[in-house]
Structure formats: C-alpha cells, structure tokens
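Just below is one structure, and these are the notes that go with it.
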Amino acid sequence: MIKKYWLFKSEPEAFSIDDLAKKKKTFWDGVRNYQARNFLRDEIKSGDQVLFYHSNTEPTGVYGICEVVKDGYPDHTAFDPDSHHFDPKSNPQNPAWFMVDIKFVKKFPKPVTLDEIKSNPKLQNMKLLQRGSRLSIQPVTKEEFNVIVTSRK
DNA sequence: GCCAACGTTGGC
DNA sequence: GCCAACGTTGGC
C-alpha cells in the first residue's frame with residue numbers, strides 16, 4: 001500500500017492541534033465541499049500522513065502532524081438535525097458527506113508558518129499557495145511533506 | 001473586521 | 001444550462 005500525504009485545515013478556535021493532542025484521536029467531521037469529500041471517500045486511507053494546518057489565526061501555518069487511522073466512512077453529523085453540520089441532502093442510505101479518523105502524532109515546537117512556506121522554493125507548488133485556494137483537504141507530495149517535517153527537526 | 005475569491009443555489 | 005445572488009473561506 002502506498003502511503004499518501006495530505007494537508008487538513010482547521011480553524012483552531014473550532015478544533016486545534018492541542019485539542020487533538022488532548023483527545024489523541026478524532027473523527028474529522030463537517031467537511032462540506034465536494035472536492036474534499038471525494039478525497040475523504042476515495043483516496044484518504046489508514047496510514048496516510050497529514051499536516052495539521054491552522055487557518056484564521058496568528059500565525060497561520062502547519063502546527064504538527066497526524067495520521068489517518070480509519071478510511072473514509074459516512075459523516076453522521078450530517079444526519080443529525082441538532083448538529084450545525086446537519087445537511088438534509090444526506091441520509092444513511094445515500095450519504096453525501098464522508099469523514100476519516102485521525103490520531104495525534106506530534107506538534108511542532110514552532111509552527112511552519114505560511115510565510116515560511118511562501119519563502120521556501122521547494123514549496124512553491126503547494127495548493128495552499130494557489131490564489132484563492134480554499135480547499136480544506138488537499139494532497140501534498142511526499143517531498144513537500146518531508147521538507148516541512150524536516151524543517152522542524 | 002474587511003473583502004476578494006470561491007462554491008452553491010435557484011430563477012429563468 | 002446559464003448566471004446573478006448569496007454564503008463562506010481565509011489572509012490580511
């Protein structure tokens with residue numbers, strides 16, 4: 001099985017790497033974008049490595065690493081009318097939205113900031129840097145993953 | 001808090 | 001199936 005690499009965005013006010021460090025493991029719910037959904041449903045597999053990115057904070061950047069521990073399965077928060085992730089288009093017979101489970105691996109002593117990524121020639125092709133890129137789940141290459149991780153070793 | 005860029009919705 | 005209106009994202 002070939003391991004793949006991803007970047008997951010989260011607003012730390014909603015869910016941060018510290019929350020994950022505390023919980024050790026979580027389901028990544030609430031993704032309501034079809035492109036991201038397809039990744040979750042079809043491509044993200046147990047064992048894949050994930051960069052945990054904080055958006056809408058100071059500074060924005062990659063704060064640590066986590067690992068996928070469960071392949072894509074239906075996002076049950078879409079079925080729950082009391083959840084603010086509720087979506088009437090989705091139902092258990094024909095789920096529209098998916099999620100995976102991830103576990104905490106490590107938090108960087110200092111985040112790899114967006115500025116740092118922008119100024120690293122090896123990271124210029126990251127989707128993150130593309131104009132107006134809002135995708136909350138995006139693939140990264142093994143090389144990009146390693147450049148980011150080793151910059152904190 | 002602003003606002004540009006983007007995805008989705010819904011009228012036609 | 002077009003496209004304007006709307007809501008959301010996310011850097012600043």
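Note: hydrogens, waters and symmetry copies are ignored here, and every other heavy atom, side chains too, is used. Below, chain A is the first sequence line, B the second, and so on; all start at residue 1.
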Does A:K9 make a side-chain N or O approach to OP1 or OP2 of C:dT9 shorter than 4.0 Å? no
Against the side chain of A:K118, the closest entry in C:dG11, B:dC6, C:dG10 is C:dG11
Tightest non-hydrogen contact, residues A:F79 and A:P95, listed as CZ-CB, 4.1 Å
To the nearest angstrom, the NE2-P distance between A:H54 and C:dG11 comes to 12 Å
Here the distance between atom C1' of C:dG10 and atom CG of A:L114, to the nearest Å, is 10 Å
Exactly one of A:K122, A:M126, A:Q124 clears side chain to side chain contact (heavy atoms under 4.5 Å, CB included) with A:E144, and that residue is A:M126
When rounded to whole Å, the CD to P distance for the pair A:Q138 and C:dT9 reads 15 Å
Side-chain contact check for A:N33: nearest option of B:dG7, B:dA5, C:dG11 is B:dG7
Result for 5'-nearest mapping on DNA chain B, choosing between A:R134 and A:N56, is A:N56
A:R32 CZ to B:dC6 C1', in whole Å, measures 19 Å
Between A:D75 and A:R32 (salt bridge meaning N to carboxylate O under 4.0 Å), is one present in this structure?
yes
Report task. Hey, can you tell me if A:F8 and A:W28 have their rings parallel, tilted or perpendicular (30° and 60° cut-offs)? Result -> tilted
note: A:F8, atom CZ; C:dG10, atom P; distance rounded to Å ~ 14 Å
note: A:K127, atom NZ; C:dG10, atom C1'; distance rounded to Å ~ 18 Å
Practice prompt. Look at the aromatic rings of A:H54 and A:Y63 and report parallel, tilted or perpendicular, splitting at 30° and 60°.
Written response: parallel
Under 4.0 Å from OP1 or OP2 of B:dT9: is there any side-chain N or O of A:K89 that close?
yes
Per atom distances to the A:Y34 side chain, the nearest of C:dT9, C:dC12, B:dT8 is B:dT8
Between CG of A:D115 and C1' of C:dG11 the distance, given in whole Å, is 10 Å
Between CZ of A:R131 and P of C:dG10 the distance, given in whole Å, is 16 Å
